[in-house]
Q: 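This structure is in C-alpha cells; I'll ask about it shortly.
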Amino acid sequence: MPPGDASESARYGLNTQVQGNQVDGAAQLAFGTPSVDDGPLMWELAANAGTLDVNSRYAYLLWCRDFADTTVVARDVDRLAGFLTGYRRPQSPDTFFTWQVAVSDDYRRRGLARRMLDHVVGALRPQGVRFVEATVTPDNKASMRLFESFAEANGTNVVVDVLFSERELGSGHEPEMLHRIGPLD
Ligand SMILES: CC(C)(COP(=O)(O)OP(=O)(O)OC[C@H]1O[C@@H](n2cnc3c(N)ncnc32)[C@H](O)[C@@H]1OP(=O)(O)O)[C@@H](O)C(=O)NCCC(=O)NCCS
C-alpha cells in the first residue's frame, strides 16, 4: 500500500461485517463498516437530513478512512439508507461517543437508527465499552427518543447535562445536551 494512501481496509471495507437486518416494513439492509467510497454518500445523506451540522465532504472521507471500525452504514440495494458515526473517547475508552446518526427520509420510524446503534455498541462491548454518549439539541425529539429507547432497552440510566452552550457554539445554535447512558452490563 503506498504510504499516505487511504488504507486498503478502509477503501474496500475488509473488516465489514455484513449481516441481514430486517428493518420494520423494509427490505433486508446490509449493515457494515464504511469504505472511503461511502464518504460522499454519507455527506449527501447528512446534508439532506435537515437537522445535522453538515461537515465537509473531506471530513466524511477522512472519517471513513480512520474511524470505520466505530461506524456503521446501512445499505439497501443501490443506496445508503442510514449511517451512524462515533468513536471511543481517547481519554475514556470505556465510552462510545455517537457523533452523527442519520436515516434517509424513506427509512425513518422503522427502527433503523436503533438497530445501527445496537450494532455498533454490540460490537464494542467485548472491548470494554460500558457507556454511550451523544449530544442532542433540545428540539430534536427523534434523536432524544432514540437514546432514551436505547437506555430503556438496556435497563440503564441516562444522565443529561449541557456539554456545549451557545457561548461555545456561536449565537443562534441551540445547546448540545450531553446524554450519558450506562453503565451497560
Ligand atoms: C434521529 C433519526 C436518526 C432517527 O432515525 P429512525 O430510524 O427514524 O429512528 P428509529 O425508528 O430507530 O426510532 C428510535 C426511537 O425514536 C422514536 N422516534 C423516531 N422518530 C421520531 C420522531 N420524529 N418523533 C418522536 N419519536 C421518534 C421511535 O419511535 C423509537 O422509539 P421507541 O423505541 O420507543 O419506539 C432520524 O430521524 C434522522 O435521521 N433525523 C435527522 C438527523 C438527526 O437529527 N440526527 C440526530 C442528531 S446527530
Side-chain angles (χ1 to χ4, degrees), residues 19-32 34 38-57 59-60 62-64 67 70-76 79-89 95-124 131-166 168-170 172-182 184:
Q19 58 188 49
N21 266 282
Q22 182 76 42
V23 168
D24 294 349
Q28 291 268 345
L29 297 176
F31 280 23
D38 288 308
L41 303 178
M42 291 162 64
W43 172 75
E44 200 178 336
L45 209 166
N48 290 333
T51 47
L52 290 179
D53 278 345
V54 184
N55 300 281
S56 69
R57 195 167 160 130
Y60 292 94
L62 270 185
W63 194 270
C64 292
F67 295 95
T70 50
T71 293
V72 60
V73 288
R75 297 189 184 90
D76 206 338
R79 56 186 292 213
L80 200 62
F83 72 82
L84 184 148
T85 55
Y87 59 88
R88 289 175 78 180
R89 296 193 64 216
T95 301
F96 173 73
F97 184 85
T98 309
W99 179 44
Q100 283 194 322
V101 51
V103 169
S104 174
D105 270 348
D106 311 348
Y107 296 86
R108 288 190 187 169
R109 308 286 314 239
R110 297 175 178 185
L112 178 53
R114 254 304 300 284
R115 281 169 197 255
M116 292 193 294
L117 186 59
D118 290 349
H119 181 87
V120 173
V121 175
L124 293 173
F131 294 90
V132 172
E133 290 185 346
T135 64
V136 179
T137 52
D139 63 344
N140 197 333
K141 303 273 178 290
S143 186
M144 212 174 302
R145 183 63 210 142
L146 166 64
F147 293 105
E148 283 169 1
S149 159
F150 176 83
E152 284 167 16
N154 284 282
T156 194
N157 307 312
V158 188
V159 176
V160 181
D161 200 357
V162 178
L163 182 62
F164 299 122
S165 66
E166 193 172 300
E168 290 96 8
L169 293 163
H173 196 303
E174 288 210 86
E176 291 284 355
M177 305 299 293
L178 181 68
H179 288 52
R180 182 167 167 83
I181 300 166
L184 302 170

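We number each residue from 1, following the sequence as shown. The figures that follow rest on heavy atoms only: side chains count, while hydrogens, waters and symmetry mates do not. We count ligands from 1, going down the list as the structure has it; atoms in each ligand are counted the same way. In this text, all values refer to a predicted model and were calculated from it rather than measured experimentally.
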Q: In ligand 1, which numbered atoms sit nearer than 4.0 Å to a non-hydrogen atom of A102?
A: 39 (O)
Q: For atom 41 (C) of ligand 1, which of T51, T137, L84 has the closest heavy atom?
A: T51
Q: Decide whether an N or O pair under 3.5 Å exists between Q100 and ligand 1.
A: no
Q: In terms of side-chain heavy atoms, does D38 have a donor or acceptor partner in Y60 at a distance below 3.5 Å?
A: no
Q: For atom 4 (C) of ligand 1, what's the nearest protein heavy-atom neighbour? Residue, atom name and distance, please.
A: A113 CB, 3.8 Å
Q: Heavy atoms only: which of K141, E176, R145, R109 is nearest to atom 22 (C) of ligand 1?
A: R109
Q: Taking atom types as modelled, is there a side-chain donor on S149 or R114 under 3.5 Å from an acceptor on the other?
A: yes
Q: N140 to ligand 1: N or O pair under 3.5 Å?
A: yes
Q: Would you mind checking if R145 and E152 are paired as a salt bridge, meaning a charged N to carboxylate O distance below 4.0 Å?
A: yes
Q: What atoms of ligand 1 come within less than 4.0 Å of a heavy atom belonging to A49?
A: 41 (C), 42 (C)
Q: Please tell me whether S104 and R79 have a donor and an acceptor in their side chains that are separated by less than 3.5 angstrom.
A: yes
Q: For G50 and ligand 1, answer yes if some heavy atom of the residue is under 4.0 Å from a ligand atom, otherwise no.
A: no
Q: Just need the protein heavy atom nearest to atom 36 (C) of ligand 1, so name the residue and atom and give the distance.
A: R108 NE, 3.7 Å
Q: Starting from atom 11 (O) of ligand 1, find the nearest protein heavy-atom neighbour and note its residue, name and distance.
A: G111 N, 2.7 Å
Q: Show me which atoms of ligand 1 lie under 4.0 Å from any heavy atom of R110.
A: 11 (O)
Q: Check whether E174 reaches the backbone of E166 with its side chain - one donor and one acceptor, N or O, closer than 3.5 Å.
A: no
Q: Can you tell me which residue and heavy atom of the protein come closest to atom 39 (O) of ligand 1, and the distance to 0.1 Å?
A: V103 N, 2.8 Å
Q: For D76 and Y107: C-alpha separation, side-chain torsions, deciding distance, then whether side-chain contact (heavy atoms from CB on, under 4.5 Å) applies.
A: CA-CA 10 Å; D76 206 338; Y107 296 86; 2.5 Å; yes
Q: Using distance alone, decide if ligand 1 has a nitrogen or oxygen within less than 3.5 Å of any nitrogen or oxygen in V101.
A: yes
Q: Pick one of side chain, backbone, both or neither for how T98 approaches ligand 1, counting any non-hydrogen atom pair under 4.0 Å.
A: neither
Q: Is the ring pair Y87/F97 parallel, tilted or perpendicular, if the boundaries are 30 and 60 degrees?
A: tilted
Q: If the cut-off is 4.0 Å to any non-hydrogen atom of S143, which atoms of ligand 1 fall inside it?
A: 1 (C), 46 (C), 47 (C)
Q: Numbering the atoms of ligand 1 from 1, which are under 4.0 Å from a heavy atom of S149?
A: 32 (P), 33 (O)
Q: Which atoms of ligand 1 are found less than 4.0 Å from any heavy atom of L52?
A: 42 (C), 43 (C), 45 (N), 47 (C), 48 (S)
Q: Any nitrogen or oxygen of W99, main chain or side chain, under 3.5 Å from a nitrogen or oxygen of ligand 1?
A: no
Q: Can you pull out the closest protein heavy atom to atom 12 (O) of ligand 1? Residue, atom name and distance to 0.1 Å, please.
A: R114 N, 3.0 Å
Q: Is the positively charged end of R180 above the ring of F131, judged by distance under 6.0 angstrom from the centroid and angle within 45° of the axis?
A: yes
Q: For the side chain of R75 and the backbone of A81, is there at least one donor-acceptor N/O pair under 3.5 Å apart?
A: no
Q: Is it true that a side-chain atom of S56 and a backbone atom of A59 form a donor plus acceptor pair closer than 3.5 Å?
A: yes
Q: Should the proximity of R115 to ligand 1, defined as any heavy atom under 4.0 Å, be assigned to the side chain, the backbone, both, or neither?
A: neither
Q: Which side-chain N or O atoms in residues 153-163 pair as donor and acceptor under 3.5 Å with protein atoms at least two apart or in another chain?
A:
residue: N154; atom: ND2; partner: F150; partner atom: O; Å: 2.8
residue: T156; atom: OG1; partner: G182; partner atom: O; Å: 3.1
residue: T156; atom: OG1; partner: P183; partner atom: O; Å: 2.8

Q: Taking side chain to side chain donor-acceptor pair (under 3.5 Å) as the definition, give me every residue that meets it alongside T137, ordered by chain and number, with sequence neighbours left out.
A: D139
